[in-house]
Participant: 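Please read through the structure below; I'll follow up with questions.
So you know, we letter chains A, B, ... as the sequences are listed, proteins then strands, and number each from 1. Note that this is a predicted model, so its numbers are computed, not measured.
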There are 2 protein chains.
Amino acid sequence: MRISHESALEIRHLQLVRAVAETGTLTAAAERLCVTQSALSHRLRELEQRLGSAVFHRQGRRMIPTQTGARLLAAAEQVLDELERTRNDLARLSAGELGELRLSTGCYTAYHWLPRLLPAFQARHPRVEIRLLPELMGSLFDALRRRELDLAIAAATPDDPQLDSQPLFDDETLILVHPDHPAAACGSMPLAELAAERLIIHGSTRMAYESFLRRRGIAPREITELMLSEAIVEWVAAGLGVTLMDRWAAKRYLDLGIVKGVSAAEKPLRRSWHAVTPRGELPNYVGALVELIRSNPPTLDPVR
Amino acid sequence: MRISHESALEIRHLQLVRAVAETGTLTAAAERLCVTQSALSHRLRELEQRLGSAVFHRQGRRMIPTQTGARLLAAAEQVLDELERTRNDLARLSAGELGELRLSTGCYTAYHWLPRLLPAFQARHPRVEIRLLPELMGSLFDALRRRELDLAIAAATPDDPQLDSQPLFDDETLILVHPDHPAAACGSMPLAELAAERLIIHGSTRMAYESFLRRRGIAPREITELMLSEAIVEWVAAGLGVTLMDRWAAKRYLDLGIVKGVSAAEKPLRRSWHAVTPRGELPNYVGALVELIRSNPPTLDPVR
DNA sequence: CCGATTCATGAGAAATTCTCATGACATTTC
DNA sequence: GAAATGTCATGAGAATTTCTCATGAATCGG
């Protein structure tokens with residue numbers, strides 16, 4: 001059973017107050033609100049009974065706000081305006097014009113190619129804010145499941161019915177060596193030879209590469225971890241070791257000629273990158289960004 | 001017939017969003033809002049249908065706001081908080097603790113004695129703002145009828161069923177003369193003798209006094225209008241003429257001895273001041289101020 | 001003083017919003 | 001992995017709210 005309780009102010013009351021205060025009569029307010037005058041009269045009576053005090057003075061045929069009415073009018077303006085703004089924002093949200101896109105790659109890779117795509121994306125979705133989240137609790141996929149993330153770029157595809165995945169682009173991981181390194185001449189290098197090298201590697205990718213090599217039974221002589229790609233390349237260029245780096249991340253340095261990139265001799269180290277999203281309805285701009293990445297896989301060319 | 005229309009956001013929806021966002025589940029929210037879980041489930045479904053998009057992600061047994069939900073949550077906080085503030089203010093308004101008291105005397109008289117009463121009034125009604133309105137369209141009584149005024153102090157009582165009136169205090173209007181004036185010695189002066197005098201008078205009271213004298217067939221030799229009581233007194237003290245002034249307004253200058261006050265010889269000029277208010281319910285602090293004035297009629301003594 | 005306009009009111013219809021009784025699904029526990 | 005527990009979803013129908021319609025009463029202006 002539903003108990004009739006001292007229900008508070010309703011939107012309907014605020015609309016009434018504003019319309020009557022602005023038009024000066026119940027009749028005109030009724031027309032504006034598309035109801036009968038009688039309905040508003042009942043509404044007003046109910047409101048005044050609830051409040052226990054008059055909201056309008058009945059001055060002949062005019063309705064003049066009491067002090068109570070004046071305070072209600074102020075509330076009405078504020079509340080109804082906020083609801084109007086909310087309506088607008090929600091419309092833009094569902095049209096995908098407004099929103100937030102929380103993105104992570106779980107490693108440093110996006111820092112290289114994402115900035116190149118942003119101008120094109122922002123041109124199409126000017127009011128969508130892209131937030132690149134570097135640090136997350138647990139794995140990338142957990143964050144997606146917790147809805148703390150809208151999009152993850154990962155080299156692995158998840159086996160989880162709650163997550164959707166689609167391929168973005170393939171890339172080859174090169175071995176970067178000093179130009180005078182023997183492998184530089186022949187253009188490839190057996191992975192096993194890494195055992196004789198010092199491997200210099202980016203901190204954020206260490207785990208991935210280390211386990212990748214371990215699965216092949218390869219243990220580099222020494223692993224040095226640096227947090228800056230440029231520094232890694234300088235070390236390699238100085239002959240202090242070799243590194244593993246995705247082709248498009250390395251391209252800058254290869255063009256400079258200070259290091260050489262060689263493939264793994266057995267077969268190239270290919271990595272397949274995927275866009276992973278939570279299953280279910282997503283803002284359409286998420287799909288738009290994924291499509292933008294797919295159609296403009298990382299290169300150093302400008303994006304149309 | 002009532003047409004089912006795309007009604008917008010309701011308070012009820014905002015309460016739902018806030019409660020669910022804060023508690024994390026529909027069930028807990030239902031308990032907080034004192035309805036069944038089923039009711040909230042229906043409400044939420046209806047809201048999502050209206051908006052055309054999900055408000056919460058159903059993540060296992062947790063409800064996580066979507067971007068739409070997040071925007072709604074922001075609106076909910078703002079709107080519900082404003083409604084709470086409104087409730088508070090309305091409660092204080094009807095308790096008379098908060099409000100506005102628009103007061104006018106239609107002439108300058110209140111400037112003399114009202115300030116003396118204000119500290120006592122403000123101590124009892126700290127959040128009531130007194131506004132002294134000097135200029136009004138039409139008469140004082142018209143302003144009351146139009147509800148532009150809460151209280152008028154007038155020497156006349158209105159004959160209008162829409163207005164209430166109650167006596168405040170009586171006062172005598174003195175004739176102020178130069179200490180060497182012949183009337184100063186005997187303490188009174190026939191009104192008729194004003195015909196031989198230059199009457200110096202305050203602009204705001206000119207009309208009242210002039211018609212008062214005319215009704216008695218008295219026309220002063222000359223009338224000079226000044227807008228500052230102090231200036232009027234200085235003129236009288238310089239022997240340039242005489243003036244009419246309420247006793248309590250004149251007391252300051254009488255004490256200084258620079259002018260003398262005498263009564264009308266026929267009988268003292270008594271004026272009966274009244275508090276006039278619009279009929280109907282009034283904030284109780286209006287009555288409080290009237291009572292304060294009645295129990296502390298104008299003197300120059302401090303008010304308890 | 002009459003006609004036009006306005007707010008108020010009562011009765012009953014219409015629409016909304018709830019509760020109750022379940023079902024379906026996920027998570028935790030043993 | 002089955003049972004126990006807790007969650008949201010759903011359909012039907014009751015309870016409540018809120019409206020419309022048909023008037024009455026009061027005010028205003030010529």
Side-chain angles (χ1 to χ4, degrees), chain A residues 1-17 19-21 23-50 54-66 69 145-146 160-162 279-280, chain B residues 1-17 19-21 23-50 54-66 69 142 145-147 160-162 279-280:
Chain A
M1 188 191 0
R2 201 162 141 208
I3 297 172
S4 191
H5 58 308
E6 26 47 88
S7 69
L9 281 173
E10 294 288 336
I11 299 295
R12 165 173 24 96
H13 298 126
L14 299 181
Q15 287 172 326
L16 162 70
V17 169
V20 172
T23 63
T25 73
L26 271 188
T27 309
E31 185 166 7
R32 177 192 291 195
L33 298 180
C34 301
V35 293
T36 61
Q37 170 269 325
S38 172
L40 289 198
S41 182
H42 284 298
R43 254 194 223 178
L44 179 55
R45 200 159 87 107
E46 185 221 5
L47 175 61
E48 293 183 325
Q49 274 176 349
R50 282 188 189 180
V55 174
F56 292 98
H57 292 294
R58 276 73 164 174
Q59 171 60 30
R61 60 176 51 176
R62 240 194 222 86
M63 307 285 273
I64 299 173
T66 59
R145 276 185 287 263
R146 284 195 310 270
D160 183 330
Q162 292 179 21
R279 183 174 291 272
Chain B
M1 188 189 1
R2 204 161 141 209
I3 296 172
S4 189
H5 59 306
E6 25 46 272
S7 68
L9 281 173
E10 294 288 336
I11 299 296
R12 167 173 24 99
H13 298 126
L14 299 181
Q15 288 172 326
L16 162 70
V17 169
V20 172
T23 63
T25 73
L26 272 188
T27 308
E31 185 167 7
R32 175 191 294 195
L33 298 181
C34 301
V35 293
T36 61
Q37 169 268 326
S38 173
L40 289 198
S41 181
H42 285 297
R43 255 194 221 178
L44 178 55
R45 199 160 84 109
E46 185 221 6
L47 174 62
E48 293 183 326
Q49 274 176 349
R50 282 188 190 179
V55 174
F56 291 97
H57 294 293
R58 277 71 166 175
Q59 170 62 29
R61 61 175 53 174
R62 239 193 222 86
M63 307 285 272
I64 300 173
T66 60
D142 282 344
R145 276 185 286 263
R146 285 196 309 273
R147 299 274 175 175
D160 184 329
Q162 290 179 22
R279 184 174 290 273

Participant: Between the base of dT9(C) and the side chain of S38(A), is there any donor-acceptor pair under 3.5 Å?
Facilitator: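 Looking at the base of dT9(C), it does pair with a donor or acceptor on the side chain of S38(A) (distance under 3.5 Å).
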Participant: How many whole angstroms separate atom CE of M63(A) from atom P of dC28(D)?
Facilitator: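 To the nearest whole Å, that distance equals 14 Å.
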Participant: Find out whether Q37(A) and L40(A) are in side-chain contact, i.e. whether some heavy atom of one side chain is under 4.5 Å from a heavy atom of the other.
Facilitator: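 Contact flag for Q37(A)/L40(A) side chains = no.
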Participant: Take the protein atom CD of E10(A) and the nucleotide atom P of dA15(C), then report the distance between them rounded to whole Å.
Facilitator: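 Taking CD of E10(A) and P of dA15(C), I get 20 Å after rounding.
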Participant: I want to confirm an ordering. Mapping R45(B) and H13(A) to their closest nucleotides on DNA chain D, which one lands closer to the 5' end?
Facilitator: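 Whichever sits nearer the 5' end wins; that is R45(B).
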Participant: Please check the phosphate of dT20(D) (OP1 and OP2 only) for any side-chain N or O of T36(A) closer than 4.0 Å.
Facilitator: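 Answer yes for this pair, as a side-chain N or O of T36(A) is under 4.0 Å from OP1 or OP2.
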Participant: Test L16(B) against L26(B) for side-chain contact (heavy atoms from CB on, under 4.5 Å), laying out the working first.
Facilitator: CA-CA 9 Å; L16(B) 162 70; L26(B) 272 188; 4.1 Å; yes
Participant: Looking at the side chain of A39(B), which of dC18(C), dT18(D), dG10(C) is the nearest nucleotide?
Facilitator: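 Of all the options, the side chain of A39(B) is nearest to dC18(C).
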Participant: Across the strands shown, which category fits S41(B) at heavy-atom distances under 4.0 angstrom: base, sugar-phosphate, nothing?
Facilitator: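 Base: the residue S41(B), judged by heavy atoms under 4.0 Å, touches a nucleobase.
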Participant: Closer to the 5' end of DNA chain D via nearest nucleotide, is it R61(A) or L26(B)?
Facilitator: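 The residue mapped nearer the 5' terminus is L26(B).
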Participant: How close do F56(A) and V17(A) get, counting heavy atoms only, and between which atoms?
Facilitator: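 Scanning both residues, the minimum pair turns out to be CZ-O, 3.8 Å.
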Participant: At 4.0 Å (heavy atoms only), tell me whether R12(A) reaches a base, stays on the sugar-phosphate, or touches nothing.
Facilitator: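 Counting heavy atoms under 4.0 Å across all strands, the contact made by R12(A) is with sugar-phosphate only.
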Participant: Could you tell me how far apart E46(A) (CD) and dT9(C) (C1') are, to the nearest whole angstrom?
Facilitator: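 Whole-Å distance recorded here is 15 Å.
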Participant: Strictly below 4.0 Å: does T27(A) bring a side-chain N or O up to OP1 or OP2 of dC7(C)?
Facilitator: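 Yes, within the criterion.
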Participant: For Q37(B) and dT17(C), give me the distance from atom CD to atom P, rounded to whole Å.
Facilitator: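 Rounding to the nearest Å, CD of Q37(B) and P of dT17(C) are 18 Å apart.
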Participant: Give the rounded distance in Å between these two atoms: CZ of R50(B) and C1' of dA15(C).
Facilitator: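 In whole Å, dA15(C) C1' lies 12 Å from R50(B) CZ.
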Participant: Closest approach of R61(A) and T25(A), non-hydrogen atoms and distance?
Facilitator: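 So the minimum-distance heavy-atom pair works out to O-CG2, 4.1 Å.
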Participant: Could you check how far NE2 of H42(A) sits from C1' of dT16(D), rounded to whole Å?
Facilitator: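 Atom NE2 in H42(A) sits about 16 Å away from atom C1' in dT16(D).
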Participant: Figure out the CG/C1' separation between L44(B) and dT7(D), and round it to whole Å.
Facilitator: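 From L44(B) CG to dT7(D) C1': 13 Å.
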Participant: Tell me whether the OP1 or OP2 atom of dT17(C) has a side-chain N or O from R43(B) closer than 4.0 Å.
Facilitator: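 Answer is no, no contact under 4.0 Å.
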Participant: Just to confirm, is there a sub-4.0 Å distance from OP1 or OP2 of dA9(D) to any side-chain nitrogen or oxygen of R58(B)?
Facilitator: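 For dA9(D), OP1 or OP2 has a side-chain N or O of R58(B) closer than 4.0 Å.
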Participant: Are side-chain heavy atoms of R12(B) and R43(B) found at a separation under 4.5 Å?
Facilitator: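 R12(B) reaches R43(B) side chain to side chain.
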Participant: I need the NE2-C1' distance between H57(B) and dT7(D), as an integer number of Å.
Facilitator: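 Computing the H57(B):NE2 to dT7(D):C1' distance gives 18 Å.
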